[in-house]
Amino acid sequence: MYGLTGVAMERATQALLQADLVLAEEVFADYDQITAMSVHAEESAFVVLALQAPVAGDLRAIVDRMGALAMHVAKIAPRRHPMHALPEEVNGYFAEMGQLAVDLGNSTQEVLPSGDPEKAARIDEEDDAMDDLHSHLFTVLMDREWKHGVAAAVDVTLLGRFYERFADHAVEVARRVIFQATGKRPDDAGLRASP
């Protein structure tokens, strides 16, 4: 499921940047597959969840939400087609945010089975770059030179938030891995992770 969320966000970013409806449709199919996998996992793990606390269910919900965020990104491209949804001057930000989201998804996919709290703590550090890009987008939007209108500003704001939330969900998974490995919240364990 984590692998699919990364692929979905990568495709969603390309659909957004290239106004590519085919890629957008692939994200919708990816999300359907993520949802089906989530349902199957829930059915298969019902007895285990009853014995193990709700951590697995919570993680599944987070992954499903990450897939939904990729789908939200992909939905913007068809709404603005045949025009590009983003002004050219912010494409670089979103290309970088898309790559960071994919990297965070991949890191999370690696950390989850390993249970390594140090690697999990690094995910939060990787998230800082996403936070910086998200903050900088507001600087771009508030610049007096912004000439792309309200609709483009709303799209940029929403899209920035979708990417930032995707990264936050990866951090949340990392926090849970740290807790499972150490029995302590990341702040208590001396490991860095945001609340």
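D168 is listed as a side-chain neighbour of D131, based on a closest heavy-atom distance under 4.5 Å. The closest side-chain heavy-atom distance from M97 to L137 is below 4.5 Å. The closest side-chain heavy-atom distance from E126 to S107 is below 4.5 Å. Between F179 and P117, the closest side-chain pair of non-hydrogen atoms is not below 4.5 Å. Between V90 and V140, some side-chain heavy-atom pair lies under the 4.5 Å cut-off. The shortest side-chain heavy-atom distance between K75 and F28 falls under the 4.5 Å cut-off.
Remark: H81 engages no residue in a ring pair (Phe, Tyr, Trp, His ring centres under 6.0 Å) (not counting sequence neighbours). Listed by chain and residue number, nothing satisfies the salt bridge (charged side-chain N to carboxylate O under 4.0 Å, His left out) test with D103 (two or more places apart in sequence, or in another chain). Shown here are the salt bridge (charged side-chain N to carboxylate O under 4.0 Å, His left out) partners of E26, two or more places apart in sequence or in another chain: R11.
Note that CD1 of I178 is 13.5 Å distant from NZ of K119, once rounded to the nearest 0.5 Å. With rounding to the nearest 0.5 angstrom, the OG1 atom of T108 is 3.5 Å from the CD1 atom of I123. Between atom CD of residue Q14 and atom CE of residue M9 there is a gap of 12.5 Å, rounded to the nearest 0.5 Å. Within the model, atoms CG of L4 and CD of Q109 stand 9.0 Å from one another, a figure rounded to the nearest 0.5 Å. Rounding to the nearest 0.5 Å places OG of S135 at 10.5 Å from CG of D128.
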What pairs of donor and acceptor atoms, side-chain ones from residues 153-160 against any protein atom, are under 3.5 angstrom apart with sequence neighbours left out?
unit_1 : atom_1 : unit_2 : atom_2 : d
D155   : OD1    : R80    : NH2    : 3.0
D155   : OD2    : R80    : NE     : 2.6
D155   : OD2    : R80    : NH2    : 3.0
T157   : OG1    : A153   : O      : 2.8

Only distances under 3.5 Å count here; give the side-chain donor-acceptor pairs of residues 62-74 to other protein atoms, sequence neighbours excluded, each with its distance to 0.1 Å.
none

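In the hydrophobic cluster analysis, where Ile, Leu, Val, Met, Phe, Trp and Tyr join through side-chain heavy atoms closer than 4.5 angstrom, L86 is grouped together with V150. Both L133 and L16 are part of a single hydrophobic cluster, where members link through side-chain heavy atoms under 4.5 Å apart. Clustering ILVMFWY residues whenever any of their side-chain heavy atoms sit less than 4.5 angstrom apart, transitively, puts L23 in a cluster other than the one holding F162. A continuous path of Ile, Leu, Val, Met, Phe, Trp and Tyr side chains, each step under 4.5 Å between heavy atoms, connects F166 with L112, placing both in one hydrophobic cluster. Taken together through direct or relayed side-chain contacts under 4.5 Å among Ile, Leu, Val, Met, Phe, Trp and Tyr, V27 and M37 form parts of separate hydrophobic clusters.
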**Message:** Pair D127, M130 - check side-chain contact (heavy atoms from CB on, under 4.5 Å), show working.
**Reply:** CA-CA 5 Å; D127 174 58; M130 182 71 80; 4.1 Å; yes
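If you check the side chains of H148 and E89, you find a donor sitting under 3.5 Å from an acceptor.
With respect to the salt-bridge test (charged N to carboxylate O, under 4.0 angstrom), the residues R122 and E125 do not qualify.
The ring-ring contact (aromatic ring centres under 6.0 Å, His included) analysis of residues 91-129, with sequence neighbours excluded, yields the pairs Y93-H136, F94-Y163.
Of all heavy-atom pairs spanning A120 and V177, the tightest one is CB-CG1, 4.0 Å. Closest approach of G98 to T13, counting heavy atoms only: CA-OG1, 3.5 Å. Heavy-atom minimum distance, A77 versus A15: CB-O, 3.3 Å. Taking every heavy atom of both residues into account, P78 and L21 meet most closely at CA-CD2, 3.3 Å.
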